[in-house]
Enquirer: 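Okay, here's the structure, questions in a sec.
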Amino acid sequence: MAVKLPLSTAAAASLCFMIAAPALADETGLAAIHTMRREGAQLCFLDHFHYGSSGGQASERAAKAVAIRSWSGFVDLEYGSDWARYARAHSKSLKCEKSTSGWGCFVEARPCR
């Protein structure tokens with residue numbers, strides 16, 4: 001005959017977390033759908049680019065920062081923070097221009113980790 005022992009709230013929460021937590025907190029698992037290759041010490045998407053943009057910024061520097069954050073935020077959402085570091089990305093392109101509403105930039109790059 002089995003005896004049921006009550007779980008404390010903390011123990012129950014810990015058990016739920018261990019069951020539900022992903023193996024790698026910084027990976028969403030979606031990166032595996034893309035072809036990858038080693039480039040130096042990094043693993044990069046072979047031919048899959050991500051994009052970011054900005055507009056209406058007071059300076060070119062601010063527009064670049066916002067566009068890069070846009071790129072990083074979307075990559076983080078899709079693949080996790082390991083892939084979202086723009087400094088590690090390859091095949092980068094960053095183009096900016098000034099309009100009547102301010103500076104805007106467009107960035108594209110292949111994510112790497």
Side-chain angles (χ1 to χ4, degrees):
M1 176 171 147
V3 177
K4 288 188 175 182
L5 298 174
L7 286 175
S8 71
T9 304
S14 295
L15 181 60
C16 288
F17 178 77
M18 289 187 308
I19 293 170
L24 296 170
D26 292 325
E27 291 279 343
T28 66
L30 292 177
I33 66 173
H34 299 293
T35 303
M36 297 178 218
R37 73 173 174 206
R38 284 259 168 228
E39 296 184 24
Q42 297 168 318
L43 182 62
C44 300
F45 293 167
L46 178 63
D47 56 5
H48 183 74
F49 286 77
H50 270 263
Y51 308 91
S53 62
S54 65
Q57 302 300 311
S59 68
E60 183 177 12
R61 181 178 177 167
K64 286 178 182 180
V66 171
I68 290 169
R69 279 196 305 271
S70 171
W71 182 92
S72 293
F74 189 70
V75 172
D76 186 19
L77 178 69
E78 275 203 333
Y79 308 113
S81 62
D82 287 348
W83 294 96
R85 295 184 189 129
Y86 182 74
R88 289 187 177 178
H90 286 214
S91 304
K92 297 178 198 176
S93 172
L94 181 61
K95 297 175 183 167
C96 301
E97 63 181 42
K98 188 174 183 180
S99 69
T100 56
S101 63
W103 282 94
C105 295
F106 181 78
V107 63
E108 67 179 8
R110 292 183 296 117
C112 300
R113 66 175 179 127

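No hydrogens, no waters, no symmetry mates; every other heavy atom, side chains included, goes into these values. For reference, positions follow the sequence shown, starting with 1.
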Enquirer: Counting C-beta onward and ignoring hydrogens, is there a side-chain heavy-atom pair between K92 and Y86 closer than 4.5 Å?
Expert: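 Yes, close enough: below the 4.5 Å cut-off.
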Enquirer: Output the distance between atom OG (S101) and atom CD (Q57), rounded to the nearest 0.5 Å.
Expert: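 Answer rounded to 0.5 Å: 9.5 Å.
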Enquirer: Nearest 0.5 Å please: distance from the CZ atom of R85 over to the SG atom of C112.
Expert: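 One gets 12.0 Å once the value is rounded to the nearest 0.5 Å.
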Enquirer: Side chains of W83 and E78: any donor to acceptor distance under 3.5 Å?
Expert: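 Looking only at side-chain atoms, W83 and E78 do not form any donor-acceptor pair under 3.5 Å.
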Enquirer: I need the minimum non-hydrogen distance between S70 and S53, along with the two atoms involved.
Expert: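 Taking S70 first and S53 second, the nearest heavy atoms are OG-N, 3.4 Å.
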Enquirer: Among residues two or more places apart or on two chains, list those pairs meeting side-chain hydrogen bond (donor to acceptor under 3.5 Å, both in side chains) that have a residue in residues 36-46.
Expert: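 Qualifying pairs: R37-E39, E39-H90, E39-R110, Q42-H90.
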Enquirer: Closest heavy-atom contact between A58 and W103?
Expert: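 In this case the closest contact between A58 and W103 is O-CD1, 3.8 Å.
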Enquirer: Examine V75 and I68 and state if one hydrophobic cluster contains both, with Ile, Leu, Val, Met, Phe, Trp and Tyr joined whenever side-chain heavy atoms are less than 4.5 Å apart.
Expert: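 Shared cluster, yes.
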Enquirer: Could you tell me whether the side chain of S81 and the main chain of D76 form a donor-acceptor pair under 3.5 Å?
Expert: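 Flag not set: sc S81 to bb D76 has no pair under 3.5 Å.
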Enquirer: Quick check, are the ring centers of F45 and Y79 under 6.0 angstrom apart?
Expert: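 Yes, the ring centres sit under 6.0 Å apart.
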Enquirer: So, S54 side chain and A63 main chain: donor-acceptor pair closer than 3.5 Å or not?
Expert: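 Pair found, side chain donor or acceptor close to backbone of A63.
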Enquirer: Begin from the C-alpha positions of D82 and E27 and carry the test side-chain contact (heavy atoms from CB on, under 4.5 Å) through to its verdict.
Expert: CA-CA 7 Å; D82 287 348; E27 291 279 343; 3.8 Å; yes
Enquirer: Can you tell me how far CH2 of W71 sits from OH of Y51, rounded to the nearest 0.5 angstrom?
Expert: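 With rounding to 0.5 Å, OH (Y51) is 12.0 Å from CH2 (W71).
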Enquirer: Quick one: pull up CG in L94 and NZ in K64 and give me the separation to the nearest 0.5 Å.
Expert: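 So the gap between those two atoms works out to 5.5 Å.
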Enquirer: S93: which residues meet the side chain to side chain contact (heavy atoms under 4.5 Å, CB included) condition with it, sequence neighbours left out?
Expert: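 Testing S93 for side chain to side chain contact (heavy atoms under 4.5 Å, CB included), a comparison that skips the adjacent residues, returns K95, E108.
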